[in-house]
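Just passing along the structure, written as structure tokens.
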Amino acid sequence: MKYKQEFAKILYEALDHEIQEKELEMLIEKPKNHLHGDFAFPCFILAKVKRKSPAVIAQELSEKIQSPTIEKVEVVGAYINIFLNKKMVSEDTVAEIIKQQEKYGALDIGNNRPVTIDLSSPNIAKPFSMGHLRSTVIGNSLAFIVEKCGYKPIRINHIGDWGTQFGKLITAFKLWGEAEKVKQKPIKELLTLYVKFHDEAENDPSLVEQGRNWFKKLEDGDEEAAMLWQWFRDESLKEFSRIYELMNVQFDSFAGEAFYNDKMDHVVQLLEEKQLLVESDQAQVVELTDEGLPPCLIKKSDGATLYATRDLAAALYRKENYDFDLSLYVVGNEQSLHFKQLIAVLEKMGYAWASNMVHIPFGMMLKDGKKMSTRKGKVVLLEEVLNESIAMAKHNIEEKNPNLTNKNAVAKQVGVGAVMFHDLKNFRMNDIEFSLEDMLRFEGETGPYVQYTYARACSILRKGNWQMAVTAPISSPSWEKEWKVVSLLTEFTNAIKRAYEQFDPSQIAKYIVDLAQAFNKYYGDVKILEDNAEQQARLALVYSVTIVLKEGLRLLGIEAPEEM
RNA sequence: GUCCCGAUAGCUCAGCAGGAUAGAGCAACAGUUUCCUAAACUGUAGGUCGGAGGUUCGAAUCCUCUUCGGGACGCCA
């Protein structure tokens with residue numbers, strides 16, 4: 001990034017300050033074809049101002065470009081192509097990475113200010129599906145990315161532990177449930193009951209009525225209802241934590257929906273005070289016509305509160321308790337309208353910080369081109385997928401590296417890494433058609449591919465007895481074959497910046513795949529351990545690559561085994 | 001009906017505040033292991049960038065319209 005800035009500055013001087021440095025920096029591009037150099041400046045836009053042909057301008061301008069970091073300047077048509085001084089930039093970059101270690105690439109824009117991240121948020125008594133995987137994995141990665149940019153992330157698991165479905169569940173349990181079965185396989189059994197409830201309810205509408213009653217009892221503090229609720233919740237959380245452990249995801253708070261039960265009245269009161277509540281069809285709503293949105297429902301006609309009310313309470317609570325600079329909600333695309341309304345209502349309430357709330361939507365995990373439905377039992381269980389992936393990784397280890405010492409630990413890292421990476425490598429908004437085959441792929445643009453690259457690089461360092469303390473000569477005469485790798489290493493900060501600006505972890509995923517590809521090509525091309533004068537320089541480069549790959553994976557929440 | 005997403009190689013996707021011959025991976029085919037982990041590497045083949053207009057010196061990228069797919073649209077979350 002800094003070399004681009006430098007080039008912009010040189011152009012700025014060469015153009016006698018006619019165009020702002022920042023603007024020039026934006027105009028500079030990275031040529032797709034490496035034959036066109038490391039940076040290019042198209043001169044078309046200067047043609048009108050200078051009233052000369054772009055090619056002539058390019059030629060004239062190019063003559064004024066000179067810098068020790070620039071090795072060669074070429075003019076092709078209207079383009080000024082510049083080639084960086086490979087030796088200087090390579091040695092500089094490698095030294096920088098070795099010096100900064102895992103801090104390399106960090107940005108200093110957050111001032112250690114808090115950023116709350118609402119992620120994962122599974123529903124109690126429902127299986128942890130592939131859909132929740134998306135929120136968990138994207139949110140977790142964003143927390144790391146935001147942290148890398150200098151913020152202090154706060155991961156909040158807004159557990160879905162309240163709502164009418166508990167009435168249904170209690171009803172179903174009372175009718176058909178067996179405590180023993182629930183204890184053994186809590187979620188599976190509760191799901192069976194939930195599905196059965198919906199099947200039976202199609203012919204017996206009274207069930208729905210019973211469900212409503214049980215939920216009412218729960219809300220009124222009925223002892224039996226509360227006990228069952230607590231039990232379902234505990235069992236569910238136990239099962240969830242097993243999955244989080246597999247994926248190595250931690251939270252700062254599990255304050256879910258029930259947590260806000262006693263904080264709703266306050267919100268409603270505030271809305272009343274600000275005279276924002278309007279009655280409509282016996283319900284209480286906030287009108288948002290000015291904002292071009294449908295009204296936001298705050299209270300049902302029976303006086304009960306709703307999702308929006310709860311989220312308002314949560315937003316207020318989070319602002320008060322965490323004093324966030326940014327509040328991110330990693331929640332599916334289908335809830336976009338809800339978040340628009342939520343933010344609009346907060347703005348109407350006069351909270352300027354509402355504009356710091358960002359909904360980060362993502363596409364759906366589809367099954368046969370359609371949304372998965374819990375009610376119909378049409379879900380794929382994440383834990384099963386993870387375990388299958390781990391088994392597959394184990395199988396590969398037995399086949400490819402049977403002497404590996406900690407096989408199970410590595411199998412877990414690789415298997416889980418494959419599933420997580422699969423979810424993170426593409427732009428979040430894309431829908432994903434569920435495919436076990438794709439998810440458990442370990443070749444090509446996958447998590448295991450990056451991990452494998454890392455492991456191989458580590459292996460070389462071991463064999464070459466690389467001592468990080470040896471700061472001595474990382475000098476090499478050409479850095480020709482290393483250039484692609486070095487050039488990518490200089491881009492790491494850029495990838496992090498993009499990932500942050502767009503709240504898009506796939507920017508990091510794509511970057512580390514690129515780096516891994518470049519490194520593997522280099523690995524195949526050059527005998528790194530060859531005992532000659534440049535060996536230390538090559539090892540230093542390999543070491544730099546391991547640092548960046550490992551850090552890149554970490555930002556995605558994926559571990560990097562040193563052997564596999 | 002209104003609104004929000006998406007459409008690029010057989011499949012999965014990248015590229016999108018406009019720029020030089022549209023890139024990867026998978027699948028297919030052909031190669032590379034007395035050599036640093038072949039979960040790798042090399043090569044071949046594969047494209048009306050959904051369609052039609054428009055803006056521009058220049059459009060996969062911006063604007064309008066349109067087709068198809070997914071989703072959301074008051075008492076679920």
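The figures here come from the full heavy-atom set of this structure, side chains too, leaving out hydrogens, waters and symmetry mates. Letters go in sequence order (proteins before strands), and every chain restarts at 1.
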>> Whether Gln507(A) contacts rG15(B) is assessed here as follows: a side-chain N or O lying under 4.0 Å from the phosphate OP1 or OP2. Is that the case?
In response: yes
> What is the ring orientation for His359(A) with Phe339(A), classed by angle as parallel under 30°, tilted 30 to 60°, or perpendicular over 60°?
Replying inline: parallel
> What nucleotide, of rA14(B), rC35(B), rC73(B), holds the atom closest to the side chain of Lys527(A)?
Replying inline: rC35(B)
>> Expressed as a whole number of angstroms, how long is the span from Asn333(A):CG to rG69(B):P?
In response: 18 Å
>> Nearest to the Tyr523(A) side chain among rC36(B), rA77(B), rA60(B), which nucleotide is it?
In response: rC36(B)
> Does the side chain of Trp483(A) come under 3.5 Å of the side chain of Asp38(A) through a donor N or O and an acceptor N or O?
Replying inline: yes
>> With a 3.5 Å cut-off and heavy atoms only, can you find an N or O donor on one side and an acceptor on the other between the side chain of Asp431(A) and the base of rA7(B)?
In response: no
> In terms of side-chain heavy atoms of Leu306(A), which of rA14(B), rC75(B), rU37(B) is nearest?
Replying inline: rC75(B)
>> Using whole Å, what does the distance between atom C1' of nucleotide rC4(B) and atom CD1 of Ile343(A) come to?
In response: 14 Å
> In whole Å, what is the span from the CD atom of Gln451(A) to the C1' atom of rA40(B)?
Replying inline: 15 Å
> rU37(B), rA14(B), rC73(B): which one has an atom nearest the side-chain heavy atoms of Asn401(A)?
Replying inline: rU37(B)
> Phosphate oxygens OP1/OP2 of rC13(B): is one of them under 4.0 Å from a side-chain N or O of Lys425(A)?
Replying inline: no
>> Nearest to the side chain of Ala40(A), heavy atoms from C-beta on, is which of rA20(B), rU37(B), rC4(B)?
In response: rA20(B)
> To the side chain of Lys521(A), which of rA77(B), rG25(B), rU42(B) is closest?
Replying inline: rU42(B)
> Within the pair Lys400(A) and rA39(B), is there a side-chain N or O less than 4.0 Å away from OP1 or OP2?
Replying inline: yes
>> Without decimals, in angstroms, what is the distance between Asn426(A) CG and rC5(B) P?
In response: 19 Å
>> Suppose you measure atom P in rA77(B) against the same atom in rC11(B); what distance do you get, rounded to whole Å?
In response: 40 Å
> How is Val513(A) classified with respect to the nucleic acid when contacts are heavy atoms under 4.0 Å: base, sugar-phosphate, or nothing?
Replying inline: nothing
> OP1 or OP2 of rA24(B) less than 4.0 angstrom from a side-chain nitrogen or oxygen of Tyr449(A), does that happen here?
Replying inline: no
> Which value, in whole Å, describes the distance between the C1' atoms of nucleotides rU61(B) and rA14(B)?
Replying inline: 13 Å
>> Please determine whether a side-chain nitrogen or oxygen atom of Tyr452(A) lies at a distance below 4.0 Å from atom OP1 or OP2 of rA39(B).
In response: yes
>> Using a 5.5 Å cut-off between ring centres and planes within 30 degrees, is His338(A) stacked on the base of rA77(B)?
In response: no
>> Check the phosphate of rC4(B) against Ser336(A), side-chain N and O only, distance under 4.0 Å to OP1 or OP2. Yes or no?
In response: no
> Is the base of rU33(B) syn or anti, if syn means a glycosidic angle within 90° of 0?
Replying inline: syn
> Between Lys510(A) and rC13(B), is there a side-chain N or O to OP1/OP2 distance below 4.0 Å?
Replying inline: no
>> Looking at rU37(B), I'd like to know if its phosphate oxygens (OP1 or OP2) sit under 4.0 Å from a side-chain N or O belonging to Asn520(A).
In response: no
>> Around atom NZ of Lys425(A), are there more than 12 heavy atoms from other residues, nucleotides or ligands closer than 6.0 Å?
In response: yes
>> Rounding to an integer number of Å, can you tell me how far Met364(A) CE sits from rC4(B) C1'?
In response: 11 Å
> Any chance the side chains of Arg456(A) and Asn520(A) put a donor and an acceptor closer than 3.5 Å?
Replying inline: yes
> Hey, does the side chain of Arg538(A) come within less than 4.0 Å of rC36(B)'s phosphate (OP1/OP2), counting only N and O?
Replying inline: no
> Leu11(A) pairs by side chain to side chain contact (heavy atoms under 4.5 Å, CB included) with which of Leu27(A), Ile82(A), Ile19(A), Leu61(A)?
Replying inline: Leu61(A)
> Which atom names give the shortest non-hydrogen contact between Ala78(A) and Pro54(A), and what distance separates them?
Replying inline: CB-CB, 3.5 Å
> Tell me: CD of Glu433(A) to P of rG69(B), nearest whole Å?
Replying inline: 16 Å
> Within the pair Lys463(A) and rU37(B), is there a side-chain N or O less than 4.0 Å away from OP1 or OP2?
Replying inline: yes
>> Taking the minimum atom-to-atom distance to the side chain of Glu334(A), which one of rC76(B), rC75(B), rA72(B) wins?
In response: rA72(B)
>> If I take atom CZ in residue Phe442(A) and atom P in nucleotide rA40(B), what distance separates them, rounded to the nearest angstrom?
In response: 12 Å
> Counting only heavy atoms not in Arg462(A), do more than 12 sit closer than 6.0 Å to its CZ atom?
Replying inline: yes
>> From CG of Leu342(A) over to P of rG74(B), roughly how many Å is that when rounded to an integer?
In response: 17 Å
